[in-house]
Amino acid sequence: MVAHLLRLKLALLRNSFRRSPWQLVGVCIGALYGLGVVVLLISGIVYLNELEAGLANHILVAAVSAITLGWAIIPLVAFGVDLTLDPARFTTFTLPRRKLAVGLLLSGFIGIPGILTLVLFAGQTLAWRQHPGIAATALLGGVLGALMCLALARLTTTSMARLTGSRRFREIAGIVAFIPVILLGPIFATAAQGMDAVFELLPQAVLVLGFTPLGVFAALPGDLAAGQPLLGAARLVLGLVYLVAVIWAWERGLHKSMENPMAPRTSSKAVGMGAFGLFPSTPRGAVAARALTYWLKDPRYAASIVVVPLLPVVIWFAAANTGSPAAMLVLGPLLGILMAFSISADVSYDSTAFSLHVLTGVRGVDDRAGRVLACAVIALPVTLLAAILPPVLLDMGHMLPAILGISLCALLAGLGVSSVASARFTYAVPLPGESPFKTPPGAGARMALVQLATFGIMGLLLIPSLGLLLAQVLTGNQLFGWIALAVGVVEGAVLLVVGIRQGGRWLDARMPELFQNVAMNR
């Protein structure tokens, strides 16, 4: 039965490639990217052979522990990372629990993350290539370590299924998980500055990690290199006990979850009209109310709002490191573009709810205008504050008119471009209720091309205002700044109206085809 489950996983994976050529392209791009990262890391492992054995062991144990911890935590917030063989689909089958657990566990290696993790962990042998016995131990520890990663991922997702099944948890977790992604630059820079302190604490941390499920298998070669084979044997036994215990705990949790599947939660709490009570009873008012509800409750849109307080931190950190506080002036235009870009996939995010627009006969111009209005409720105050506060706080008030004009042009013109883009192009996006970080198979290539083109057009439309800002900087004449303000507002307003009308015409002309594309992207 285990072999049958593995063949089933291969068949499902193969059929998913046949569904659409874009899926195959997306998987290939993802595989090449992941393989590049693995090759880069293995190149670093090769270099560890030149270091002292103790230091090399410390680095390997710390790295493997971090990756294993990631396998245990990331699936909790990246919902639906691999549901090809979702255990819930086997609830109605009378399958032996143990064989089902083994088959589902080993099927984790039939996929890009599992294969790349196995290759990376097996690559530990290169750090000990001058010692065949130690290298063989490293290979054994790498395979067992990769198996531990899959087992921990299964255990955490199964044991936390009831909590992660809550929509509120998914919304909060999706937003919280987005924060470190935005702050990667400051995090890495701060970590680089504190590397000396990290290396001082590394031996003590590795000593503990080497006896935990996270790094127990990675520490095996270090014991042999240190001339302590008995300690290595004891550590191997301890690691196998950990692995068996994790698999046993997951097996019991799997059996329990299949015997008592979660019932959907319902609520009878009255919530009122919500955003529908704030807008007029017109077609574009109804569209605006529905879109604003998404902004407030859908984690896929909330991820865009999280950028607002985090982006100033990133830019301020970069400005402090370069010694150029004026870099904060880009905050307004940058936020304007990002907020405008956030509705460039509105139709794709609607999923099957777009049928409401098709069946009710909403005019395309009302659809476009309603979505722009909902976005502007949040984006306009944010863009104004981001454009006004930096020049004022940096005592650069003479730059305020130009920065304000560029920022408003970025927002207004960007909303116009997004109104056209979302009416013309669709691509696979996370479905409602899913993590905003999930990338559906096949979405990568098409999504990258559409987003790159949209961003590029938005940037090109800022050239007139940017040219006037440059003229002010070169000549010192503030008149150019005021002209930039006027040009930015007028250009942005004109392009916004043109974008709404053109997007509306395209929407009217191809609404059934657009809905068909959205349904295919599910």
I would like to know whether Ile378 and Leu292 meet side-chain contact (heavy atoms from CB on, under 4.5 Å); could you show each step before the answer?
CA-CA 9 Å; Ile378 298 174; Leu292 185 59; 4.3 Å; yes

With distance as the sole test, does [X] use its side chain to make a donor-acceptor pair with the main-chain N or O of [Y] at under 3.5 Å?
{"X": "Thr156", "Y": "Ile73", "answer": "no"}
{"X": "Gln472", "Y": "His398", "answer": "yes"}
{"X": "Asp366", "Y": "Pro283", "answer": "no"}
{"X": "Ser465", "Y": "Leu462", "answer": "no"}
{"X": "Thr383", "Y": "Leu380", "answer": "no"}
{"X": "Gln502", "Y": "Gly499", "answer": "no"}
{"X": "Gln478", "Y": "Gly481", "answer": "no"}

With a sphere of 6.0 Å drawn around CZ of Arg510, does it hold more than 12 non-hydrogen atoms of other residues, nucleotides or ligands?
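Yes, because the 6.0 Å sphere around CZ of Arg510 holds more than 12 heavy atoms from other groups.
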
Do [X] and [Y] come close enough that some side-chain heavy atom pair is under 4.5 Å?
{"X": "Asp508", "Y": "Val365", "answer": "no"}
{"X": "Val64", "Y": "Phe121", "answer": "yes"}
{"X": "Pro391", "Y": "Leu329", "answer": "yes"}
{"X": "Arg290", "Y": "His357", "answer": "yes"}
{"X": "Pro113", "Y": "Trp71", "answer": "yes"}
{"X": "Leu400", "Y": "Ile388", "answer": "yes"}

Which heavy-atom pair separates [X] from [Y] by the least distance, and what is that distance?
{"X": "Ala286", "Y": "Phe276", "value": "O-CE2, 3.7 Å"}
{"X": "Leu60", "Y": "Ala127", "value": "CD1-CB, 4.0 Å"}
{"X": "Leu507", "Y": "Gly364", "value": "CD2-CA, 3.8 Å"}
{"X": "Ile337", "Y": "Ala410", "value": "CG1-CB, 3.6 Å"}
{"X": "Leu214", "Y": "Leu69", "value": "CD2-N, 4.0 Å"}
{"X": "Pro381", "Y": "Ala376", "value": "CD-O, 3.7 Å"}

Applying side-chain contact (heavy atoms from CB on, under 4.5 Å) to Ile59 and Leu51, what does each step give before you reach the verdict?
CA-CA 10 Å; Ile59 294 175; Leu51 301 180; 4.2 Å; yes

Run the side-chain contact (heavy atoms from CB on, under 4.5 Å) check on Met399 and Leu394 step by step: do they pass?
CA-CA 10 Å; Met399 303 290 291; Leu394 294 175; over 6 Å; no

Find the distance between [atom1] ([X]) and [atom2] ([Y]) and round it off to the nearest 0.5 Å.
{"X": "Leu338", "Y": "Leu311", "atom1": "CG", "atom2": "CG", "answer": "6.5 Å"}
{"X": "Leu385", "Y": "Leu331", "atom1": "CG", "atom2": "CG", "answer": "10.0 Å"}
{"X": "Leu209", "Y": "Thr68", "atom1": "CG", "atom2": "OG1", "answer": "10.0 Å"}
{"X": "Gln451", "Y": "Leu449", "atom1": "CD", "atom2": "CG", "answer": "10.0 Å"}
{"X": "Glu491", "Y": "Ile406", "atom1": "CD", "atom2": "CD1", "answer": "10.5 Å"}
{"X": "Ile45", "Y": "Leu120", "atom1": "CD1", "atom2": "CG", "answer": "5.0 Å"}

Under 4.0 Å between a Lys/Arg side-chain N and an Asp/Glu carboxylate O for Asp367 and Arg363?
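Salt bridge between Asp367 and Arg363, a charged N being under 4.0 Å from a carboxylate O: no.
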
Charged N to carboxylate O below 4.0 Å: is that the case for Asp346 and Arg368?
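No, Asp346 and Arg368 are not salt-bridged.
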
Could you check, using the six-membered ring where one of them is a Trp, whether Tyr349 and Tyr294 have ring centers closer than 6.0 angstrom?
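No: the rings miss the under 6.0 Å criterion.
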
For Val487 and Leu468, what are the C-alpha separation, side-chain angles and deciding distance, and is it a side-chain contact (heavy atoms from CB on, under 4.5 Å)?
CA-CA 9 Å; Val487 169; Leu468 291 168; 3.8 Å; yes

